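Right, one structure below, let's go through it.
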Amino acid sequence: MSDIADAAKRLLLGRPMRSGSEGRRLLPKRIALPVFASDALSSMAYAPDEILLMLAVAGLAATTVSPWVGLGVVVVLLVVVASYRQNVRAYPSGGGDYEIATTNLGTTAGVGVASALLLDYVLTVAVSLSSASQFAATIIPAVRGREAAVAVVLVVVLTIVNLRGVRESARAFAVSVYLFMLLMGAIAVTGAVRHLSGTLPQAESAQYDVVPAAGFEAGLVGVAGAFLVARAFASGAVALTGVEAISTGVPAFRKPKARNAARTLALLGVISAATLMMVLLLARATGIRFVEDPETQLTLDGGPVPDDYDQHPVLGQLAEAVFAGFAPAAVAVAVVTFVILLIAANTSFTGFPRLGSILAKDGYLPRQLHTRGDRLAFSNGIITLAIAAAVLIAAFDASVTRLIQLYIVGVFVSFTMSQLGMLRHWTRALRTEPDPRERARMKRSRVVNGVGFAMTAAVLLIVLVTKFTHGAWITLVAMGAVFVIMMAIRRHYDRVSEELALDDLAEARALPSRVHAIVLVSKIHKPTMRALAYARVSRPSVLEAITVGVDREETEELMRQWEALDLPVPLRVLDSPYREITRPVLKYVRSVRRESPRDLVVVYLPEYVVGHWWEHLLHNQSAQRLKGRLLFTPGVVVASVPWQLSSSAGQTGLEDVTTYRPF
């Protein structure tokens, strides 16, 4: 059974990798770009949608300002990219925003940023795969209505890929990311040429009218209009997600790590900004309509939209219009966008486990998240992320619009705290730096981070004001809960460490006054004899055997056999009027401890070693329960003495056998 499980694991994940091979898995820039930048690039699949969706609330005329809203997002994007280039150069260790906030603003700020980042990684997976399932529905109509199930399946697929190791993930996805860039460039060039030549057709949705919501009949006028534009800007700011992934992934780059990461980040910023503006400008030129509820917000010649109308994502509609007359190109855009969204989730499968490992090392998360699996991936972190993302997708039914309301808050919390930390970093560094050239460089970096802090703080305020009642409060509550849990874990580890620390060197050399050995006996057979032999070989101060008198006839027969063998160990019978086993043994062991508190009590438990899981059902498990209770008794050591049954022959490792105690 275990061999089959092991073979299945190797088939899915591949063979184990030696620790020494980790260095050979570092990424060159050409591979690092698709691995770490795909998150921001993929947001082009839904960021324009969210801008148009918000503006459509005020009617068709309001959507014409979408390029200006996009321009505002681009300005923030470029400022944040420039700021994070300073981050990766100053902190190339991979701690990212968490390390910057902890080092410069203190532990509380660092844990707060970490809670925001962890949630953002989970939401990146949920949003990206939910959007991917929507693009899958445009390619395969049968998927429509089953987007949540498809997204969960995609979570499973990505989990398996990443458990195989980051290099395999990068190689599997790099071609698709570059193909996405190529297709975006093709849309931009073809769309521009056709627009200038007057041959750019209108999108299919251009024939519909957009009905403004109540209170927005006059469009974007007054305070309500300004608030709606701010909401559209906040929704479009989702295009900035993924910038921080490179700062936590610096250790995965080839040397010089910091310089390669900074160059990759700059390239990411240019490509993302150009793509966002291209999509919004061409969406306006082709008259694309995109609303939250087509049945109530769209009309056709004053009447309702046809029953068979399916609203495709903005990028899908744009490809159909730009490549009108050449359907394969539009299909290719949909397919590649689906894949790029898949890869975007992969960014979190790289960043979340790495950050989780750092937090676990610092004592804020369970220590199991710090260790690598046999494929040199942080397996426990990958599995944790997958479970959290799948739950979120199911809870929100793979709705991108609903998930984005939760998404953007944590992003700008980490951005803002990171830039504030960098301001303090440069201020401290300038106090001790004597070199004029280096001081000038530091001052320039401080200005860049200062602008970044002011802008990200302003955007965070806009997001909180415009998104709070639409779901942002959920993120704030979740961040608070994660923060409290991490601080509680750290307190637990600190308390355990303090409790286990040696008071002095003499304590480390201390020996028990005496050793009182107790062998548990249920019947006289080979396992019992082996346990007695091991106990005698240890030469304890006191050695005795005990049995529980559950059945009088069986107990009398056991005593006769014991005396006939003339064993040099006294056998004590513990009375059990209620036919219990655990309670009398515990009572006796504790009485020994009370009589001699400085003695060490060692309880020897004979056990069978079997090779088949079903053999467990055929053996009494009372000693297993007894062992669990004895572990909580101070001054008591439980020693298991194995006896291998024939069914265990040929087994080679601890993972291949199951042990059962016969007592």
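These numbers were taken from a predicted model, which means no experiment stands behind them.
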Output all residues satisfying ring-ring contact (aromatic ring centres under 6.0 Å, His included) with Tyr208, sequence neighbours left out; order by chain, then residue number. Tyr309
Distance-only donor-acceptor pairs under 3.5 Å for side chains of residues 261-283, two or more places apart:
{"residue": "Thr264", "atom": "OG1", "partner": "Asn260", "partner atom": "O", "Å": "2.8"}
{"residue": "Ser272", "atom": "OG", "partner": "Leu268", "partner atom": "O", "Å": "2.9"}
{"residue": "Thr275", "atom": "OG1", "partner": "Ile271", "partner atom": "O", "Å": "2.7"}

Sequence neighbours excluded, the answer for side chain to side chain donor-acceptor pair (under 3.5 Å) partners of Ser399 is none
Please report, to 0.1 Å, the donor-acceptor pairs under 3.5 Å made by any side chain of residues 54-71, with sequence neighbours excluded.
{"residue": "Thr63", "atom": "OG1", "partner": "Leu60", "partner atom": "O", "Å": "2.6"}
{"residue": "Thr64", "atom": "OG1", "partner": "Ala61", "partner atom": "O", "Å": "2.6"}
{"residue": "Ser66", "atom": "OG", "partner": "Thr63", "partner atom": "O", "Å": "2.9"}

Tell me every residue that passes side chain to side chain contact (heavy atoms under 4.5 Å, CB included) with Arg431, counting only those two or more places apart in sequence or in another chain. Thr427, Arg428
Any Ser128 side-chain heavy atom under 4.5 Å of Tyr46 side chain: yes
Please round to the nearest 0.5 Å and tell me the distance separating atom CZ of Arg446 and atom NE2 of His425. 11.5 Å
Solution key, residues 220-228 side-chain donor-acceptor pairs under 3.5 Å, sequence neighbours excluded:
none

Phe349: ring-ring contact (aromatic ring centres under 6.0 Å, His included) partners, not counting sequence neighbours: none
Pairwise distance CD(Gln317) to CD(Gln311) - rounded to 0.5 angstrom: 6.5 Å
Distance from Ser43 atom OG to Glu50 atom CD, nearest 0.5 Å? 11.0 Å
Counting only heavy atoms not in Glu438, do more than 12 sit closer than 6.0 Å to its CD atom? yes
In chain order, what residues pass the salt bridge (charged side-chain N to carboxylate O under 4.0 Å, His left out) check against Asp397, with sequence neighbours excluded? none
Sorted by chain and number, sequence neighbours left out, side chain to side chain donor-acceptor pair (under 3.5 Å) with Tyr84 holds for Asp97
Partners passing side chain to side chain donor-acceptor pair (under 3.5 Å) against Ser235 (at least two apart in sequence or in another chain): Lys467
Can a donor-acceptor pair be found, under 3.5 Å and without considering hydrogens, that links the side chain of Glu147 to the backbone of Ala137? no
Measure the CG-CG distance between Leu392 and Leu129 for me, rounded to the nearest 0.5 Å. 11.0 Å
Keeping the roles fixed (side chain from Arg439, backbone from Leu430), state whether a donor-acceptor pair exists under 3.5 Å. yes
Donor-acceptor pair, side chain of Ser348 and main chain of Tyr121, under 3.5 angstrom: yes
For Phe180, the ring-ring contact (aromatic ring centres under 6.0 Å, His included) test, sequence neighbours excluded, returns none
Would you compute the distance between atom CG of Asn449 and atom CG of Leu423 and round it to the nearest 0.5 angstrom? 6.0 Å
Can you tell me how far the CD1 atom of Ile408 sits from the CG atom of Leu460, to the nearest 0.5 Å? 9.5 Å
Any side-chain donor-acceptor pair under 3.5 Å between Thr401 and Glu292? no
Between Leu342 and Asn346, is any pair of side-chain heavy atoms under 4.5 Å apart? no
Using a 3.5 Å distance criterion without hydrogens, assess whether the side chain of Glu433 forms a donor-acceptor pair with backbone atoms of Ala429. no
Minimum heavy-atom distance Thr466-Arg231, with the two atoms named: CB-CG, 3.4 Å
Residues in ring-ring contact (aromatic ring centres under 6.0 Å, His included) with Phe290, at least two apart? none
Is a donor on one side and an acceptor on the other found under 3.5 Å between the side chain of Asp120 and the backbone of Val411? yes
With Asp494 as partner, the option from His492, Arg490, Arg491 fulfilling side chain to side chain donor-acceptor pair (under 3.5 Å) is Arg490
